[in-house]
Amino acid sequence: MRSCLEGAWTQRALYFISDLHLSKDAPVRTQNFLDFCSEMPRDAGALFILGDLFDFWIHGRQVDESPAAETFSALAELVQNGIRVFCMPGNRDFALGTTVLERFGIEALADPCVLQVGGEAVLLTHGDLLCTDDRSYQRFRRVIRHPALLTVLRALPYPALRGLAHGLRRGSRRAVAQKDLRITDATAEGLSRAFLGQGPFAIGGAPFARLIHGHTHRPGREDLPGLGQRLVLGDWRDDGTYFVRHDPSGWQLHHFPADEGGMETSTS
């Protein structure tokens, strides 16, 4: 997985999205994403998917099923048109591995990752590592991603894995519904560690002046005194999403679909 990105392609328009949670139960959301891909300018430099492309990912057989089949076809077309596509694991689809992504020309990103753009080191992360007050989730995250457990799970039959995934999703929804909203948001501690390159964010390039993440479903832009600028991506819903675009005019938060002019209308 890539942990540091740079190159001439960063001088072109860059798009950042996350938390699509695509599934066969949300066809409108999937169509919104396909429309997003079709409307992306063909001279764009790259599309960054910062986690949770799918509502869950458990097995390579999903590539032949909806909505993965349509999704990967659209992303492969972007790659064929010269747009680089990067995908970072999220808390829902962390088992989506490099082997599957590379079949479609998609480049796997480590979480966290550093993007060098415009002479600036930008920190990219899914966002769940920022929620340090959600201790029960952080414990679960460490357990479910342990290599030994993943090896055991991958040996299970596909139908059994699907049943397990649906059970975990139901349990997760109940747990989130019972938690204080502040617990499921990024904390001051988590943000400080990210900007300063500490703990799980201890990678080259720190301190960072800019952070882009998803996961919290609270899109916006925030200037944090003494740290830097935080850009939060939106989750995808039937009525669209908020995404980030970078071009020579700077960093902008947009809504898709926009009321006028597609993805070129800024909400910032």
For Thr241 and Gly234, indicate whether the former's side chain and the latter's backbone hold a donor-acceptor pair under 3.5 Å. yes

Interatomic spacing from CZ in Phe86 to SG in Cys113 - rounded to 0.5 Å: 8.0 Å

Report yes or no: does Arg12 contribute a side-chain atom to a donor-acceptor pair with the main-chain N or O of Ala44 at less than 3.5 Å? yes

Note: Phe54 and Arg92 closest approach over all heavy atoms is O-CB, 3.6 Å

Are side-chain N/O atoms of Gln31 and Asp35 paired as donor and acceptor at under 3.5 Å? yes

Have Arg29 and His21 got a donor and an acceptor in their side chains that come within less than 3.5 Å? no

State which residue, out of His246, Arg210, Glu222, Gln252, fulfils the side chain to side chain contact (heavy atoms under 4.5 Å, CB included) condition with Leu231. Arg210

Please determine whether residues Leu96 and Met1 belong to a single hydrophobic cluster, defined as Ile, Leu, Val, Met, Phe, Trp and Tyr linked transitively by side-chain heavy-atom distances below 4.5 Å. no

Check against salt bridge (Lys or Arg N to Asp or Glu O under 4.0 Å), Lys24 and Glu65: CA-CA 9 Å; Lys24 65 178 182 179; Glu65 301 175 349; over 6 Å; no

Hey, any chance Leu227 and Val122 share a hydrophobic cluster, counting ILVMFWY side chains that come within less than 4.5 Å of each other, even indirectly? no

Phe208 and Phe201: aromatic ring centres closer than 6.0 Å? no

Look only at the side chain of Asp247 and the backbone of Ser249, and say whether a donor-acceptor pair between them is shorter than 3.5 Å. yes

Can you tell if the side chain of Leu153 reaches within under 4.5 Å of the side chain of Ile58, non-hydrogen atoms only? no

Give the cluster check for Leu50 versus Leu129: same hydrophobic cluster or not, with ILVMFWY residues linked at side-chain heavy-atom distances below 4.5 Å. no

Heavy atoms, side chains only, cut-off 4.5 Å: are His217 and Asp19 in contact? yes

Supply the atom-to-atom distance Asp235 CG to Arg218 CZ, rounded to the nearest 0.5 angstrom. 10.0 Å

I want to check something: taking the side chain as every heavy atom from C-beta on, are Phe104 and Val85 in contact at a cut-off of under 4.5 Å? no

Look at the rings of Phe256 and Trp236 and say which category their plane angle falls in: under 30° parallel, 30 to 60° tilted, over 60° perpendicular. tilted

Could you grab the distance from atom OG1 of Thr30 to atom CD of Glu70, nearest 0.5 Å is fine? 7.0 Å

Taking the side chain as C-beta and beyond, is there a heavy-atom pair between Phe16 and Leu115 under 4.5 Å? yes

Could you walk me through whether Arg139 and Arg135 pass side-chain contact (heavy atoms from CB on, under 4.5 Å), step by step? CA-CA 6 Å; Arg139 287 193 296 270; Arg135 293 182 175 83; 3.9 Å; yes

Any side-chain heavy-atom pair of Thr98 and Leu101 under 4.5 Å: no

Measure the CD1-OG distance between Ile212 and Ser18 for me, rounded to the nearest 0.5 Å. 10.5 Å

If I take atom OG from residue Ser3 and atom CG from residue Leu124, how far apart are they, to the nearest 0.5 angstrom? 11.0 Å

Do the non-hydrogen side-chain atoms of Val117 and Trp251 ever get within less than 4.5 Å of each other? yes

For Trp9 and Ala46, which heavy atoms make the closest approach, and how far apart are they? CZ3-CB, 3.6 Å

Let me check something: do Leu149 and Leu164 share a hydrophobic cluster, defined by ILVMFWY side-chain heavy atoms less than 4.5 Å apart, either directly or through other members? yes

Considering non-hydrogen atoms only, spot the tightest contact between Tyr158 and Gln62 and give its length. OH-CG, 3.2 Å

Criterion side-chain contact (heavy atoms from CB on, under 4.5 Å) on Thr184 and Tyr137, from CA distance to verdict: CA-CA 9 Å; Thr184 58; Tyr137 167 73; over 6 Å; no

Flag the pair Cys131 / His215 as yes when at least one side-chain heavy-atom distance between them is below 4.5 Å, and no otherwise. yes

Between the main-chain N or O of Arg61 and the side-chain N or O of His59, is there a donor-acceptor pair closer than 3.5 Å? yes

Quick one: does any side-chain atom of Gln138 pair with a main-chain N or O of Asp128 as donor and acceptor, under 3.5 Å? yes

Is there a donor-acceptor contact under 3.5 Å from the side chain of Asp111 to the main chain of Met88? no

Would you say the side-chain atoms of Asn32 pair up with the backbone N or O of Asp238, donor to acceptor, closer than 3.5 Å? yes

Any side-chain to backbone donor/acceptor pair from Ser192 onto Ala188? Under 3.5 Å, distance only. no

Which pair of non-hydrogen atoms, one from Ile106 and one from Cys87, has the smallest distance, and what is that distance? CG2-CB, 3.8 Å

Using the side-chain contact (heavy atoms from CB on, under 4.5 Å) criterion, which residues pair with Glu6? Sequence neighbours excluded. Gln116

To check you understand the geometry: which heavy-atom pair defines the closest contact between Arg145 and Asn91, and what is its length? NH2-CA, 3.5 Å

Would you name the heavy atoms of Ile203 and Pro112 that are closest together and state the gap between them? CD1-CG, 3.8 Å

dist Leu53:CG -> Ile17:CD1 (nearest 0.5 Å) comes out at 7.5 Å

Can you list the residues that meet the ring-ring contact (aromatic ring centres under 6.0 Å, His included) rule with His213, with sequence neighbours excluded? none

Test log, rule side-chain contact (heavy atoms from CB on, under 4.5 Å), inputs Ile49 and Leu20: CA-CA 9 Å; Ile49 305 169; Leu20 293 91; 4.1 Å; yes

Is Tyr242 reachable from Val244 through a run of hydrophobic residues whose side-chain heavy atoms are each under 4.5 Å from the next? yes

Going through the checks in order, is the side-chain contact (heavy atoms from CB on, under 4.5 Å) test met by Leu130 and Leu211? CA-CA 11 Å; Leu130 301 168; Leu211 164 68; 4.3 Å; yes

Using 30° and 60° as the class boundaries, would you call the ring planes of Phe33 and Phe36 parallel, tilted or perpendicular? parallel

Any side-chain heavy-atom pair from Glu107 and Leu109 closer than 4.5 angstrom? no

